[in-house]
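Just so you know, ligand 1 is whichever comes first in the structure, and atom 1 is the first atom listed for that ligand. By convention here, the first residue in the shown sequence is residue 1.
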Amino acid sequence: MKKIVVLSGAGISAESGLKTFRDDNGLWEGHNVMEVASPIAWENNRELVLEFYNQRRRQLLEVEPNAAHRALVALEEKYEVQIITQNVDDLHERAGSSNVLHLHGELLKARSTFDENLVMDWRNDIKSGDFCEHHMQLRPHIVWFGEAVPMFQPAAEHCAMADVLIIVGTSMQVYPAAGLVDFVPQGCPMYFIDPKPNIREHSSLHIISKKAAEGVPQVVERLLSQ
Ligand code: OAD
């Protein structure tokens with residue numbers, strides 16, 4: 001079975017109603033990302049960071065996967081499919097994708113500030129005073145700017161095994177995620193679906209300048225008919 005690796009970014013969830021990071025003058029829900037997504041922000045303004053992610057979590061629970069998330073599930077009829085997402089939402093999982101790797105963490109999980117391996121499912125607000133079993137504050141299970149990306153290595157290994165790469169809805173500005181394209185075998189067909197595609201030239205690159213809910217089903221249909 002051929003292997004398809006999908007690298008998704010915020011754009012795939014835009015039509016579900018979740019805002020991207022860099023489309024509105026670089027502001028994310030009215031904040032500079034460094035104000036709310038960095039260890040310094042956590043040190044200096046914990047309440048703001050908690051409230052920001054609490055709002056994102058509440059919003060996530062009100063939205064649904066869209067046609068792009070759903071189309072990727074259909075690929076599993078014919079291919080081994082590995083989703084690598086920069087998104088912290090669970091819309092790929094809710095659509096039904098079997099293999100989803102989250103590079104930047106998950107909004108519906110919390111983790112201990114004492115032991116980073118102590119991670120738990122969390123659907124409610126995280127509040128000051130919510131502690132882990134070691135009586136230490138819980139934080140969102142999100143990779144903030146300046147923090148290590150522990151899932152990068154397994155993601156790179158998947159890319160190295162890809163027969164086809166699909167990239168959807170990402171500005172390709174954040175590393176190391178954007179560097180994953182360098183791990184796919186030379187000549188591997190790549191599809192890039194984004195209304196404002198921004199990617200450097202590669203051999204076998206097909207650019208589809210469309211929104212995800214329209215462009216992804218088209219690419220999926222093409223791959224299923226091959
Ligand atoms: P960005 O906000 O940087 O880029 C969003 C991309 O989605 C842009 O290229 C848009 O053109 C595209 N887009 C917008 N609407 C779309 C639609 N309907 N269909 C398809 N594409 C659409 O988001 P990311 O590249 O995902 O990290 O950002 C990468 C990382 O930066 C995020 O994971 C986040 C952020 O800081 C962390 O939170 C650690």
Side-chain angles (χ1 to χ4, degrees), residues 6-42 48-50 52-57 59-60 63-72 83-92 95 100-109 111 116 139-152 155 165-181 190-200 205-220:
V6 179
L7 176 61
S8 66
I12 195 169
S13 298
E15 287 157 278
S16 291
L18 300 179
K19 279 204 176 142
T20 61
F21 298 88
R22 294 179 181 78
D23 280 325
D24 299 321
N25 305 318
L27 291 184
W28 184 28
E29 299 279 358
H31 295 278
N32 176 323
V33 282
M34 294 304 285
E35 255 175 39
V36 288
S38 66
I40 289 176
W42 178 249
L48 175 71
V49 174
L50 284 174
F52 178 77
Y53 284 102
N54 288 339
Q55 282 178 12
R56 303 283 73 72
R57 195 177 303 104
Q59 187 184 34
L60 173 57
V63 303
E64 298 292 336
N66 64 54
H69 300 101
R70 289 195 297 272
L72 293 172
I83 311 270
I84 299 171
T85 187
Q86 298 169 81
N87 299 342
V88 297
D89 65 53
D90 66 338
L91 297 180
H92 284 298
V100 184
L101 181 157
H102 286 270
L103 270 180
H104 292 161
E106 295 174 66
L107 206 41
L108 298 184
K109 291 187 174 164
R111 79 163 181 259
E116 64 184 14
R139 58 164 273 182
H141 181 50
I142 304 284
V143 175
W144 286 326
F145 282 96
E147 294 188 317
V149 185
M151 295 309 283
F152 182 76
L165 179 68
I166 301 176
I167 308 172
V168 196
T170 169
S171 58
M172 299 294 279
Q173 285 188 32
V174 173
Y175 283 81
L180 283 170
V181 288
M190 280 187 204
Y191 296 88
F192 187 87
I193 304 141
D194 193 303
K196 292 184 196 155
N198 167 42
I199 189 168
R200 65 190 147 82
L205 174 65
H206 308 271
I207 293 184
I208 295 104
S209 305
K210 291 184 175 171
K211 290 186 175 181
E214 185 186 357
V216 174
Q218 286 174 6
V219 169
V220 166

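The aromatic rings of His69 and His92 sit perpendicular, their planes meeting at an angle over 60°, well past the 30° parallel limit.
Using a heavy-atom distance under 4.0 Å as the criterion, the protein contacts of ligand 1 are Gly9, Ala10, Gly11, Ala14, Glu15, Thr20, Phe21, Arg22, Asp23, Gln86, His104, Val143, Phe145, Gly169, Thr170, Ser171, Val174, Asp194, Pro195, Lys196, Lys211, Ala212.
Here the options are Val100, Val168, Leu91, the test is side chain to side chain contact (heavy atoms under 4.5 Å, CB included), and the partner is Thr85; only Val100 passes. Screening Leu205, Val6, Ile84, Val181 for a side chain to side chain contact (heavy atoms under 4.5 Å, CB included) with Leu165, the sole residue that qualifies is Val181.
Side-chain contact annotation: Asn198 with Ser171, donor-acceptor N/O pair under 3.5 Å absent.
Among residues at least two apart or in separate chains, salt bridge (Lys or Arg N to Asp or Glu O under 4.0 Å) pairs with a member in residues 139-149 are Arg139-Glu147.
Under a cut-off of 6.0 angstrom, the local environment of CD1 in Ile40 is sparse, with at most 12 non-hydrogen atoms contributed by other residues, nucleotides or ligands.
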